Amino acid sequence: MTRSEEGISYAIDLGGTSFRVLKVELGAGSTIINRKVEHQPIPEILTKGTSDDLFNFIASALKNFIEREGGEVEGRALGFTFSFPVRQTSISSGTLIRWTKEFSIEEAVGKDVAQCLNEALARNGLNMKVNVLVNNTVGTLALGHYYDDDTVAAVIIGAGTNACYIERNDAIIKSLGRVTNSERTVVNVEWGSFRPPQIELTPYDICFNNETWNYYDQGFEKMISGVYLGEIARLVFQKMAEESDIFGTAVDGLSTPFVLSTPNLAAIREDDSPDLREVGKILEEHLKLPDVPLKTRKLVARVSDIITRRAARLAAAAIVAILQKIGCDGTLCGSTQVRTMRGVRRRTVVAIEGGLFEGYSVFREYLNEALVEILGEEIAATVSLRVMEEGSGTGAALLAAAYSSARQKNSE
């Protein structure tokens, strides 16, 4: 991006059981003049149906959005944020490796998802095509870098979790020998599927993995992200009910998978009332556990705190691993030297998007606390975690505008 891009571009941001359509108007000099975002829930049947049905639904929503906004389609750039594992084949194409989260459209695996969307756009009478295909981390990184040159990485901590960072080409073995017009490349980590032996799974993680359709996948994500933390808590509470009468005898509500959401977990942890009134309300409404005594409510809050703290600390450790890889953690790229400041103080910005980080203050506090603990106060003070609201979709629109502008200049 040159930051000279101007005009209107659109984006579609798909990463869970809802998606967003965006209209972004750019002005020169890193200025977003206007941004309009609409959230669209995806009917559950479409997450397990056919690729044509899913992409027709998305294309139709974009068409309706553009018509409501009174916008023109001709010549408008379109960015597509698709936050599932993809084998990228060009800036505007990539084949789906596998679904994660709640999606399981098996016939879509191996297909070019940008082409699927292009075909759906044509079927819906929209004369536009995908200019750039990115995932949510790359979109967030693009927006972060648009605002601040010191942005070196982007992290998503929401319904799912992932990260990307800017790496030197000579540090990427698989790209050695390739001719590029840049000395750096954005690396998509896909750390949600990370499963290091050093991180010991609890019995609740193991049970949880066995209860989900993708239980072999996304091991790291299942310990961190918003889709799963509430379910881990439910499994702990269910085990407590099996081994004691702490919740009484009417505990059938504890046997329903995913009945406790992560926002419920956050509300339990953040209830600071003397009688933990909100905890009792959530237990009754969502787990069908009425009249839970205060002693038990305190224990429920404690369990919620432990699950939250573990998730936040794991996320912090993963962020530090990226900083260590690119030499921004005070060590020499992975050495075991003590982290100390060397030379001129250098800012490092990590762009972050995701409802879990943005909306759950205790999670955010634990993550920041862990960063200081791992890096030390001196180095941690140089690292800034900057929230990028709607970063994944806005960044895709920015990249689409930049790519479209560059193509026009090259054709002149």
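This structure is a prediction, so every number in the text was calculated from the model and none was measured.
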Visitor: Drop me the distance from Glu365's CD to Tyr360's OH, to the nearest 0.5 angstrom.
Guide: 10.0 Å
Visitor: Side chains of Thr50 and Asp53: is there a donor and an acceptor less than 3.5 Å apart?
Guide: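 The answer is yes; a qualifying pair exists.
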Visitor: So, are Asp205 and Arg310 salt-bridged, with charged N and O less than 4.0 Å apart?
Guide: yes
Visitor: If you apply the rule side chain to side chain contact (heavy atoms under 4.5 Å, CB included), what do you find for Leu385 with Phe357, and how did you get there?
Guide: CA-CA 10 Å; Leu385 304 183; Phe357 182 84; 4.2 Å; yes
Visitor: Under 3.5 Å, is there a donor on one side chain and an acceptor on the other for Thr140 and Thr137?
Guide: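 Side-chain D/A pair, Thr140 to Thr137: absent.
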Visitor: With rounding to the nearest 0.5 angstrom, report the CD1 to CD1 distance, Ile319 to Ile374.
Guide: 9.0 Å
Visitor: For the atom pair CD1 (Ile322) and CD1 (Ile166), what is the distance rounded to the nearest 0.5 Å?
Guide: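 Interatomic distance, Ile322 CD1 to Ile166 CD1, rounded to 0.5 Å: 11.5 Å.
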Visitor: Run Leu62 and Ile12 through side chain to side chain contact (heavy atoms under 4.5 Å, CB included) and show every step you take.
Guide: CA-CA 8 Å; Leu62 176 62; Ile12 293 171; 3.8 Å; yes
Visitor: Keeping Glu221 on the side-chain end and Thr161 on the backbone end, is there a donor-acceptor pair under 3.5 Å?
Guide: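 Checked: pair present.
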Visitor: Please determine whether a side-chain nitrogen of the Lys or Arg among Arg297 and Asp271 lies less than 4.0 Å from a carboxylate oxygen of the Asp or Glu.
Guide: no
Visitor: Any side-chain heavy atom of Glu38 sitting closer than 4.5 Å to one from Arg68?
Guide: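 Yes, their side chains come closer than 4.5 Å.
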Visitor: Testing the basics here: between Ala351 and Gly144, what is the closest heavy-atom pair and its distance to 0.1 Å?
Guide: CB-CA, 4.3 Å
Visitor: Quick check for you: to the nearest 0.5 Å, what is the distance between Cys164 atom SG and Trp191 atom CH2?
Guide: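 Going from the SG atom of Cys164 to the CH2 atom of Trp191 covers 10.0 Å.
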Visitor: So that I can tick it off, tell me whether Arg364 and Glu358 are bridged by a salt bridge, with the cut-off set at under 4.0 angstrom between side-chain N and carboxylate O.
Guide: no
Visitor: Would you say that more than 12 heavy atoms from the other residues, nucleotides or ligands in this model lie under 6.0 Å from the CD of Glu107, or not?
Guide: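 More than 12 heavy atoms, drawn from other residues, nucleotides or ligands, come within 6.0 Å of this atom.
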Visitor: Are side-chain heavy atoms of Leu323 and Tyr165 found at a separation under 4.5 Å?
Guide: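 They are not in side-chain contact.
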Visitor: Search all heavy atoms of Leu26 against all heavy atoms of Ala401 and return the closest pair with its distance.
Guide: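 It is CD1-CB, 3.8 Å.
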Visitor: Between Arg347 and Ser384, is any side-chain donor less than 3.5 angstrom from a side-chain acceptor?
Guide: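 Absent: no donor and acceptor within the cut-off.
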Visitor: Is Lys36 salt-bridged to Glu69, going by a charged N under 4.0 Å from an acidic O?
Guide: yes
Visitor: Please confirm whether the backbone N or O of Val130 pairs with a side-chain atom of Asn118, one donor and one acceptor, at under 3.5 Å?
Guide: yes
Visitor: Check whether Asp305 reaches the backbone of Ala301 with its side chain - one donor and one acceptor, N or O, closer than 3.5 Å.
Guide: no
Visitor: Do the side chains of Glu231 and Arg234 get close enough for a salt bridge, i.e. N-O under 4.0 angstrom?
Guide: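 Salt bridge flag = yes for Arg234 with Glu231.
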Visitor: For a quick test of reading the model, state the closest non-hydrogen atom pair linking Leu126 to Ala59 and the distance between them.
Guide: CD1-O, 3.8 Å
Visitor: Kindly write out the residues that satisfy side-chain hydrogen bond (donor to acceptor under 3.5 Å, both in side chains) with Arg20, not counting sequence neighbours, or none if the list is empty.
Guide: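 Partners of Arg20 under the side-chain hydrogen bond (donor to acceptor under 3.5 Å, both in side chains) test: Asp13, Glu390, Ser392.
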Visitor: For Thr394 and Gly391, indicate whether the former's side chain and the latter's backbone hold a donor-acceptor pair under 3.5 Å.
Guide: no
Visitor: Take Ile32 and Val24 through the side chain to side chain contact (heavy atoms under 4.5 Å, CB included) test and state the conclusion after the steps.
Guide: CA-CA 7 Å; Ile32 296 177; Val24 179; 4.1 Å; yes
Visitor: Quick one: does Lys63's side chain have a donor or acceptor within less than 3.5 Å of a partner on Gly125's backbone?
Guide: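 No, Lys63 side chain to Gly125 backbone: no donor-acceptor pair under 3.5 Å.
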Visitor: Quick one, Val113 and Leu117 - any side-chain contact, counting heavy atoms below 4.5 Å?
Guide: no
Visitor: Could you tell me if the side chain of Ile8 sits less than 4.5 Å from the side chain of Arg76, heavy atoms only?
Guide: yes
Visitor: Are there more than 12 heavy atoms of other residues, nucleotides or ligands under 6.0 Å from atom CZ of Phe57?
Guide: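 Enclosed: over 12 neighbouring heavy atoms sit under 6.0 Å from CZ of Phe57.
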Visitor: Do the side-chain N and O atoms of Asn162 and Asn136 include a donor-acceptor pair separated by under 3.5 angstrom?
Guide: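 Asn162 vs Asn136: no donor-acceptor pair found between side chains.
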Visitor: I'd like to know if the side chain of Thr308 pairs up with that of Tyr366 as donor and acceptor (distance under 3.5 Å, no hydrogens or angles considered).
Guide: no
Visitor: Give, for atom CD of Glu284 and atom NZ of Lys281, the distance between the pair rounded to the nearest 0.5 Å.
Guide: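 Here the interatomic distance stands at 10.0 Å.
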Visitor: Tell me whether Asn131 contacts the main-chain N or O of Gly79 through its side chain, where contact means a donor paired with an acceptor under 3.5 Å.
Guide: no
Visitor: Any side-chain donor-acceptor pair under 3.5 Å between Arg184 and Asn169?
Guide: no
Visitor: Taking all non-hydrogen atoms of both residues into account, name the closest pair between Ala396 and Ala11 and its distance.
Guide: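 Looking at all heavy atoms of both residues, the closest pair is CB-CB, 4.3 Å.
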Visitor: List for me each residue that meets salt bridge (Lys or Arg N to Asp or Glu O under 4.0 Å) alongside Glu200, sequence neighbours excluded, and say none if there are none.
Guide: none
Visitor: With Leu399, which of Leu141, Leu133, Val134 fulfils side-chain contact (heavy atoms from CB on, under 4.5 Å)?
Guide: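 Of the listed options, the one satisfying the test is Val134.
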Visitor: Within a strict 4.5 Å, meaning less than it, do heavy atoms of the Leu265 and Ile282 side chains meet?
Guide: no
Visitor: Kindly say whether Asn264 contributes a backbone atom to a donor-acceptor pair with the side chain of Ser261 at under 3.5 angstrom?
Guide: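 Yes.
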Visitor: Under a 3.5 Å threshold, yes or no: a donor from one side chain and an acceptor from the other, between Ser51 and Lys111?
Guide: yes
Visitor: Short question: side chain of Ser225, backbone of Ala159 - any donor-acceptor pair under 3.5 Å?
Guide: yes
Visitor: Considering only heavy atoms from C-beta outward, does the side chain of Asn56 approach that of Arg123 to under 4.5 Å?
Guide: yes
Visitor: Tell me, with the steps shown, if Arg309 and Phe363 meet side chain to side chain contact (heavy atoms under 4.5 Å, CB included).
Guide: CA-CA 7 Å; Arg309 190 168 185 264; Phe363 181 96; over 6 Å; no
Visitor: Would you say that Glu270 contacts Glu278 through its side chain, given a criterion of any heavy-atom pair below 4.5 Å between the two side chains?
Guide: no
Visitor: A quick test of your reading: do over 12 heavy atoms of other residues, nucleotides or ligands sit less than 6.0 Å from CD of Glu44?
Guide: no
Visitor: Please work out whether the ring planes of Phe82 and Phe84 are parallel, tilted or perpendicular, with thresholds of 30° and 60°.
Guide: tilted
Visitor: Between Leu367 and Ala316, which heavy-atom pair has the shortest distance, and what is it?
Guide: O-CB, 3.6 Å
Visitor: Return yes if some donor-acceptor pair links the side-chain N/O of Thr262 with the main-chain N/O of Gly230 below 3.5 Å, else return no.
Guide: yes
Visitor: May I ask you to test the Asn127-Leu121 pair for a side-chain heavy-atom distance under 4.5 Å?
Guide: no
Visitor: Let me confirm one number: the CG-CG distance from Leu22 to Leu398, rounded to the nearest 0.5 Å.
Guide: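 Going from CG on Leu22 over to CG on Leu398, the span is 10.5 Å.
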Visitor: Could you report the tightest heavy-atom contact between Gly94 and Thr89, atom names first, then the distance?
Guide: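 Heavy atoms of Gly94 and Thr89 come nearest at N-OG1, 3.7 Å.
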Visitor: Could you check whether Lys325 pairs with Glu167 (Lys NZ or Arg NE/NH1/NH2 to Asp/Glu carboxylate O, under 4.0 Å)?
Guide: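 Salt bridge: yes.
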